[in-house]
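Some notes on the structure that comes next.
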Amino acid sequence: IVRRCMAKQPSARYQAMAEVKTALEQIFGGKTSGSSAEPQPSIAVLPFVNMSGDKEQEYFSDGLAEDIIDALTQLPGLRVMARTSAFAFRGREQDIREIGSKLNVEHILEGSVRRAGNRLRITAQLVKASDGYHLWSQRFDREIADVFAIQDEISHAIAEKLRVRLSGGDRPVRRHTPNVEAYSLYLKGRHQFYRATKESNQKSIQYYEQAIELDRDYALAWYGLAKCFWWTGYAGFIPPKTANAQAGQALHEALDLDATLPEAHAMLGMLRGVEYDQEAAEREFRIALDLSPKSDEVLINFSWFLLCTQRLDEAISVIQEALELDPLSLILQHMIGLYHYFRRQWDEGIHHWLTALDLDASYSSAYQYLSQSYIQKGMIEEGIRNAETLAELYDRIPLALGILGWAYAKAGRNGEARKVLGELQDFSRKAYALPSAFAWIYLALEEIDHGLDSMERAVAERDQWIFHMIQDSSLDPLRSHPRYRALLRRMNLEA
């Protein structure tokens, strides 16, 4: 709130003291004062330093830290920072006390990995964040086949050190293959997926498929494959209906092998939602939350589903819960921005997208909604500038072209909007193009029938951006249109 009050751009600041009061109430309104409950022990696992002399081995050191995060998350009574926030400090020379303060955690786990052939040297140390005092440290010189045992030993050592304040004694859960080569391929696949580009996603698919070839019973590899397939449809690189079918098949393989994978149930909930079966989606999310109420992936996917299905108050509650585990998350800043955008609170949304760009200036999704928010506020040049940045960052893929054409049309620059529409039509003759991209431009040009045609195709093809479109204020003039109301009914949403 203080950062927003001091923002350089006037449009990014609060416009009245009443807004400041509301923001403060949102933070403190749900907290009780004078509570005598003991604070929950908390920890952040920093990315382990790759000491192998080969940058390509970074996937392995990252993977080790991520799997320890996953294991610690299974411990009841321990608050564990999500990967995104913990990994935000990679390569930075920052004091442990500063990191602990920024993440609001009591303890930090840091370490290093040196891999030479089949030999591993792993060091790990548990540090008290307030004063840098070492509570525990150990070095492991083992064969790579012992990597799972090392992860368990580290997790149990942390549980032992914090045991007086833990509620219960459940063992950390590990679901990895005993095949070390398949595990290594899985880590490579997960490492590539986080890069979130078309090329890295394709590499990720290849690594997961290779892992499955070595061990067809590897449930986590099947789940990773499902995420990759879903993402290709979400981004519009292939028809979403095809991508979702592929993702669904992989998820069923994963859940047949391990029905207790919470993230797989949450992803299945996403797919059910895209098929407009909201009740089935809700059931899958409830299963996922029962299995792992602290999983950042489950919370993020559930809040996304709630946003898309217009359950905004529930969505913001889940987002705020996720933020406690992942305060530096770009996607959560983006989703809070969406919450405000769907409520027509442009300044609040702008603030959160600017915050996301402070964390990562290349975070492309922020530019889309900054563009739309600025134009909704009448700040046309700022809106167009952000739309043009989005198009360049996304290499002028259909999704970005749709927003660019919409921005030009909203600015009254219809000639440029039609030029972008022509570019989009040319693209669609060579490759798949999301129907929502056409809908944005047609509707902004006030070609209502063409716009509704494209929206109906988006619903039929399971283009997930339709969930965003139906909540956009620029569609307000269509709310009473018979075709628009019929479209919502096909999505099992109330008009």
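- Side chain of T232 to main chain of F237: no donor-acceptor pair is present (N/O by atom type, distance under 3.5 Å, no hydrogens or angles).
- E110 pairs with exactly one of V49, I96, L126, V45 by the side chain to side chain contact (heavy atoms under 4.5 Å, CB included) rule, that one being I96.
- Although no hydrogens or angles enter the test, the distance criterion places no donor-acceptor pair under 3.5 Å between the side chain of D326 and the main chain of A322.
- At distances below 3.5 Å, not a single donor-acceptor pair connects side-chain atoms of Y432 with backbone N or O atoms of P240.
- Across all their heavy atoms, A458 and P435 have their closest contact at N-CB, 3.6 Å.
- A side-chain donor from one of H340 and Q345 sits under 3.5 Å from a side-chain acceptor of the other.
- Put simply, the residue from K188, K55, R90, R195 that forms a salt bridge (Lys or Arg N to Asp or Glu O under 4.0 Å) with D62 is R90.
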Let's go through E381 and I375 carefully: what are the C-alpha distance in whole Å and the side-chain angles of both, what is the deciding distance for side-chain contact (heavy atoms from CB on, under 4.5 Å) to 0.1 Å, and is it a yes or a no? CA-CA 8 Å; E381 290 307 313; I375 286 177; over 6 Å; no
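- Between W353 and Y341, the two ring planes are perpendicular [angle over 60°; tilted spans 30° to 60°].
- Here D277 does not pair with R283 in a salt bridge; the nearest charged N to carboxylate O distance is not below 4.0 Å.
- Smallest separation of non-hydrogen atoms from L404 and A391: CD2-CB, 4.0 Å.
- Looking only at distances, no side-chain donor or acceptor of S295 sits under 3.5 Å from a matching main-chain atom of S292.
- No donor-acceptor distance shorter than 3.5 angstrom exists from the side chain of R483 to the backbone of H481, with no hydrogens or angles considered.
- Distance CD/E284 to NE2/H265: 6.0 Å, rounded to 0.5 Å.
- Side-chain contact check for V127 versus H107: every heavy-atom pair is 4.5 Å or farther apart.
- With a 4.5 Å cut-off on side-chain heavy atoms, M455 and F438 do not count as touching.
- Note that CG of L225 is 11.5 Å distant from NZ of K227, once rounded to the nearest 0.5 Å.
- Cation-pi check for R272 over F305 is not met; the charged atom does not lie both under 6.0 angstrom from the ring centroid and within 45 degrees of its normal.
- The local environment of CD in Q425 is crowded, with over 12 non-hydrogen atoms from other residues, nucleotides or ligands closer than 6.0 Å.
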So E321 and K294, salt bridge (charged side-chain N to carboxylate O under 4.0 Å, His left out) or not? Walk me through it. CA-CA 9 Å; E321 185 179 350; K294 296 186 293 183; over 6 Å; no
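- If you take OG on S454 and CH2 on W440, they are separated by 12.5 Å, rounding to the nearest 0.5 Å.
- Checking side-chain atoms of Q278 against main-chain N and O of M491 turns up a donor-acceptor pair under 3.5 Å.
- Of all non-hydrogen atoms in G100 and A129, the two that sit nearest each other are CA-CB, 3.9 Å.
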Kindly indicate, with the supporting measurements, whether the criterion side-chain contact (heavy atoms from CB on, under 4.5 Å) is fulfilled by F285 and M270. CA-CA 8 Å; F285 280 116; M270 291 274 283; 3.9 Å; yes
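- Looking only at atom types and distance, the side chain of Y484 has a donor-acceptor partner in the side chain of R479 under 3.5 Å away.
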Take W304 and H468, measure what ring pair (Phe, Tyr, Trp, His ring centres under 6.0 Å) needs, and give me the verdict at the end. CA-CA 11 Å; W304 192 265; H468 295 230; 5.5 Å; yes
Does the pair Y369 and Q376 meet the rule for a side chain to side chain donor-acceptor pair (under 3.5 Å), with working shown? CA-CA 10 Å; Y369 286 97; Q376 301 285 16; over 6 Å; no
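- Annotation: the span from N301 atom CG to I331 atom CD1 amounts to 8.0 Å, rounded to 0.5 Å.
- Under the 3.5 Å distance criterion, the side-chain polar atoms of S303 are matched with a main-chain donor or acceptor of I300.
- No side-chain donor-acceptor contact under 3.5 Å links Q192 and Y208.
- We find that E447 and R418 are joined by a salt bridge, their nearest charged nitrogen and carboxylate oxygen being less than 4.0 Å apart.
- By the 4.5 Å heavy-atom criterion applied to side chains, E456 and R490 are counted as neighbours.
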Test F89 against L103 for side-chain contact (heavy atoms from CB on, under 4.5 Å), laying out the working first. CA-CA 10 Å; F89 298 93; L103 296 180; 3.7 Å; yes
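- A heavy-atom distance below 4.5 Å is found between the side chains of E423 and R396.
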Take R462 and E275 through the test salt bridge (charged side-chain N to carboxylate O under 4.0 Å, His left out) and record every step on the way to the result. CA-CA 7 Å; R462 305 309 191 256; E275 290 298 324; 3.2 Å; yes
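- Rounding to the nearest 0.5 angstrom, the gap separating the CD1 atom in I441 from the NZ atom in K410 is 13.0 Å.
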Can you list the steps and then say if E98 with K102 is a salt bridge (charged side-chain N to carboxylate O under 4.0 Å, His left out)? CA-CA 6 Å; E98 186 179 352; K102 286 184 176 179; 3.4 Å; yes
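- Defined by atom type and a distance below 3.5 Å, a donor-acceptor pair is missing between the side-chain atoms of E392 and Y367.
- In this structure, L332 and L299 have side chains that are not in contact, with every pair of non-hydrogen atoms separated by 4.5 Å or more.
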I'd like to know whether E282 forms a salt bridge (charged side-chain N to carboxylate O under 4.0 Å, His left out) with R286, so could you lay out the CA-CA distance, the side-chain angles of the two residues, the decisive distance to 0.1 Å, and finally the verdict. CA-CA 6 Å; E282 184 91 15; R286 293 302 171 189; 3.0 Å; yes
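- Y442 is listed as a side-chain neighbour of L421, based on a closest heavy-atom distance under 4.5 Å.
- For Y339 and H352, the distance between ring centers is not under 6.0 angstrom.
- Judged purely by atom type and a 3.5 angstrom limit, N492 uses its side chain to pair as donor or acceptor with the backbone of Y276.
- Distance check, rounded to the nearest 0.5 Å: CD1 of I158 to CD1 of I68 gives 6.5 Å.
- For the pair H334 and Y363, the minimum side-chain heavy-atom distance is below 4.5 Å.
- Summarising the geometry of A460 relative to K241, their closest heavy-atom pair is O-NZ, 3.6 Å, with the distance given to 0.1 Å.
- Judged by distance alone, with hydrogens and angles left aside, the side-chain atoms of S101 form no donor-acceptor pair with the main-chain N or O of R97 at under 3.5 Å.
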Run the side-chain contact (heavy atoms from CB on, under 4.5 Å) test on L251 and L268 for me, step by step, so that the C-alpha distance in whole Å, both residues' side-chain angles and the decisive distance to 0.1 Å come before the verdict. CA-CA 7 Å; L251 280 176; L268 191 55; 4.1 Å; yes
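- At least one donor-acceptor pair under 3.5 Å links the side chain of W465 to the backbone N or O of Y234.
- A salt bridge is absent between D463 and R457; no separation between the charged side-chain nitrogens and carboxylate oxygens falls under 4.0 Å.
- Heavy atoms only, all atoms of each residue included: A400 and Y394 are closest at CB-CB, 3.8 Å.
- L330 and T84 make their closest contact through N-CG2, 4.5 Å (heavy atoms, listed as atom of the first residue, atom of the second, distance).
- Between R344 and D472 there is no salt bridge, since none of the side-chain N atoms of the basic residue sits less than 4.0 Å from a carboxylate O of the acidic one.
- Here the side chains of Y207 and H191 are not in contact, with every heavy-atom distance at 4.5 Å or above.
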